[in-house]
Number of protein chains: 2
Amino acid sequence: MARLPLVSGAIPLRPEPAVASKLERFTRLSSDERAALAQLARNVRVIDARRDLMCEGDEPRFVHLVLDGWGCRYKTLPDGKRQIVGIFLAGDFCDVNVFILNHMDHSVGAVTRLKVAVITPDEMRALTAERPRITQALWWQELMAMSIQREWTLNLGQRTAYERLGHLMIELYVRLEAVGRAADGRCDFPLTQNDLADATGLTAVHVNRTLQELRRDRLIELERKQLQILDLPRLMDATMFNPNYLHLNREGRHLDAND
Amino acid sequence: MARLPLVSGAIPLRPEPAVASKLERFTRLSSDERAALAQLARNVRVIDARRDLMCEGDEPRFVHLVLDGWGCRYKTLPDGKRQIVGIFLAGDFCDVNVFILNHMDHSVGAVTRLKVAVITPDEMRALTAERPRITQALWWQELMAMSIQREWTLNLGQRTAYERLGHLMIELYVRLEAVGRAADGRCDFPLTQNDLADATGLTAVHVNRTLQELRRDRLIELERKQLQILDLPRLMDATMFNPNYLHLNREGRHLDAND
DNA sequence: CGTCTGGTTGATACGACTCAAATTTGGTGG
DNA sequence: CCACCAAATTTGAGTCGTATCAACCAGACG
């Protein structure tokens with residue numbers, strides 16, 4: 001009788017092909033290409049929750065592809081302040097061309113236990129040489145990452161605490177939905193209030209109070225690392241969320257494969 | 001006897017080859033390659049100060065290369081708030097691969113009168129097909145733009161008004177220096193206090209008062225669109241400026257041309 | 001000479017921070 | 001299964017940085 005509790009771990013709506021799923025928000029791939037992507041997951045590495053994958057100053061050596069879990073990029077200041085500058089989710093390529101640079105300008109950490117495919121520069125070069133459509137899709141991916149970074153700049157510069165938090169939650173929900181990891185307004189949401197503070201430029205205390213406001217307004221529920229967006233249209237309105245910046249509407253459909 | 005006034009317009013230390021100058025902060029180019037870059041400036045367009053080059057929603061059609069002047073990217077919110085998300089200067093390529101996307105997620109405006117080379121997708125494709133070293137350098141350029149965007153996120157999220165403004169001024173000074181448009185702590189600085197407010201997420205009033213503090217502390221002079229940094233080391237310290245994120249230290253020197 | 005944009009100043013308000021402590025949750029080991 | 005501990009969340013009180021609103025001033029320009 002009682003409402004089902006918001007428990008149970010990950011939502012395995014579409015278990016694994018997050019990569020293909022994401023890239024196909026840009027252009028449809030052939031089954032051949034999908035197989036090539038799956039091939040990348042030969043060399044898998046698992047990072048414990050709250051551990052770092054790489055640190056500022058490190059020399060980057062591999063491209064990573066997130067298979068499962070949540071990670072973040074962050075920068076720290078000499079005075080100890082920390083800013084999360086980006087979140088990555090299943091299906092995200094991490095620094096496709098980073099081996100052009102010889103040191104990291106930020107750190108990369110695991111929010112949850114993180115499963116990543118480790119890809120060598122050579123594998124990457126082979127992939128891009130042989131698969132023009134995938135290459136295009138990877139480009140799209142990078143441009144999308146850049147667009148998200150700009151939106152975060154806007155978020156921090158111009159939105160209130162209430163708007164920032166709501167906006168961030170929608171972004172993550174929509175991105176998860178694009179890789180089959182969210183539906184019906186519900187998704188995993190493993191960020192702590194501390195993480196949210198570091199991502200939105202607020203303090204944890206203020207995040208706490210602001211989340212209460214969002215709950216009181218019946219826009220979200222957030223409990224046990226599960227987020228339920230109760231009224232997406234109203235939340236989008238309240239946070240001035242415009243999905244265009246995510247470029248998820250198959251903008252490369254003119255390049256679609258046809259098998 | 002009296003100190004020279006900080007007048008006169010642009011500082012033409014190295015008049016034009018800003019592009020090559022910038023890319024060679026990554027890897028040394030051959031004279032051949034430099035010529036190919038110069039070739040791009042066949043089709044020049046001039047935009048008046050305070051005019052827009054492109055608007056959010058537009059379909060991008062060309063790559064632009066800034067030859068002279070200052071421009072900015074910005075986003076606006078339904079409630080009228082505006083955030084400048086990036087500044088571009090002489091030598092900057094603007095959206096090298098933007099024609100992958102079919103609509104702009106932000107607007108692009110001229111801060112000063114702006115001289116840009118207009119480059120077609122075909123020209124771009126030809127350049128990258130024939131010039132691997134330039135292609136690498138363009139990649140570096142994009143990664144650097146991404147790194148700058150992350151640093152802005154950090155700036156807005158974690159630094160105080162005082163630090164934000166000082167940090168921004170150093171960044172722009174260093175970037176100008178890299179293309180021969182600044183020296184001895186002095187450079188053009190055409191941003192109004194309103195622009196600074198939109199770039200730092202502050203109000204113009206507060207920018208005004210904070211600039212006065214920076215002047216009172218003998219860190220900068222700023223008058224008639226001319227910036228003089230009086231004590232760069234101290235300003236870097238005060239704003240926690242770490243130049244690494246600009247990746248200007250010839251990180252691609254192993255690829256250097258040898259003619 | 002009026003108009004406009006950009007810069008400056010003052011008074012007041014408020015959103016977000018700080019510090020401190022209590023409470024709840026989740027994980028771990030006995 | 002419970003006891004324990006650390007991490008995460010919640011609450012309260014007081015402060016501070018930045019916003020807001022409203023003038024006023026200076027120089028550029030037609």
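Labels below follow one simple rule: chain letters A, B, ... track the order of the sequence lines, proteins then strands, and each chain is numbered from 1. Here the structure is a predicted model, which is why all the values come from computation and not from measurement.
On the nucleic acid side, DNA chain D has its first and last nucleotide under 4.0 Å of a heavy atom of chain B at D/dT18 to D/dC21, going 5' to 3'.
Salt bridge annotation for B/Glu213-B/Arg209: absent, with no cationic side-chain nitrogen under 4.0 angstrom from a carboxylate oxygen. Salt bridge status for A/Glu151 with A/Arg159: present, with a side-chain N to carboxylate O gap under 4.0 Å. Under 4.0 Å is where a charged nitrogen must lie from a carboxylate oxygen, and between A/Asp105 and A/Arg73 no such pair does. Ion pairing between a basic and an acidic side chain is recognised when a charged N comes within 4.0 Å of a carboxylate O; A/Asp79 and A/Lys81 show such pairing. Taking the charged nitrogens against the carboxylate oxygens, B/Arg234 and B/Asp237 have no contact shorter than 4.0 Å, which rules out a salt bridge. Between A/Asp231 and A/Arg218 there is no salt bridge, since no side-chain nitrogen of the basic residue lies less than 4.0 Å from a carboxylate oxygen of the acidic one. We find that B/Arg113 and B/Asp68 are not joined by a salt bridge, their nearest charged nitrogen and carboxylate oxygen being 4.0 Å or further apart. Taking the charged nitrogens against the carboxylate oxygens, A/Asp188 and A/Arg224 have no contact shorter than 4.0 Å, which rules out a salt bridge.
Regarding B/Lys81, its NZ atom lies at a distance of 11 Å from the C1' atom of C/dG15, rounded to whole Å. The CZ-C1' distance, from B/Arg50 to C/dG6, rounds to 10 Å in whole Å. For the pair A/Leu222 CG and C/dT25 C1', the computed distance is 14 Å after rounding to whole Å. In this structure, the CZ atom of A/Arg113 is 14 Å from the P atom of C/dG27, given to the nearest Å. Computed from coordinates, the B/Asn194 CG to C/dT8 P distance equals 12 Å when rounded to whole Å.
Residue B/Arg82 forms a side-chain hydrogen bond (donor to acceptor under 3.5 Å, both in side chains) with just one option from B/Asn194, B/Asp198, B/Thr76, and that option is B/Asp198.
A/Thr112 places a side-chain N or O within 3.5 Å of a backbone atom of A/Trp70 that can act as its donor or acceptor partner.
Against DNA chain C, the stretch residues 201-217 of chain B makes heavy-atom approaches under 4.0 Å through B/Val205, B/Asn208, B/Arg209, B/Gln212, B/Arg215. In the region residues 154-170 of chain B, proximity to DNA chain C at under 4.0 angstrom, judged on heavy atoms, holds for none of the residues.
No side-chain heavy atom of B/Glu163 sits under 4.5 Å from any side-chain heavy atom of B/Phe241.
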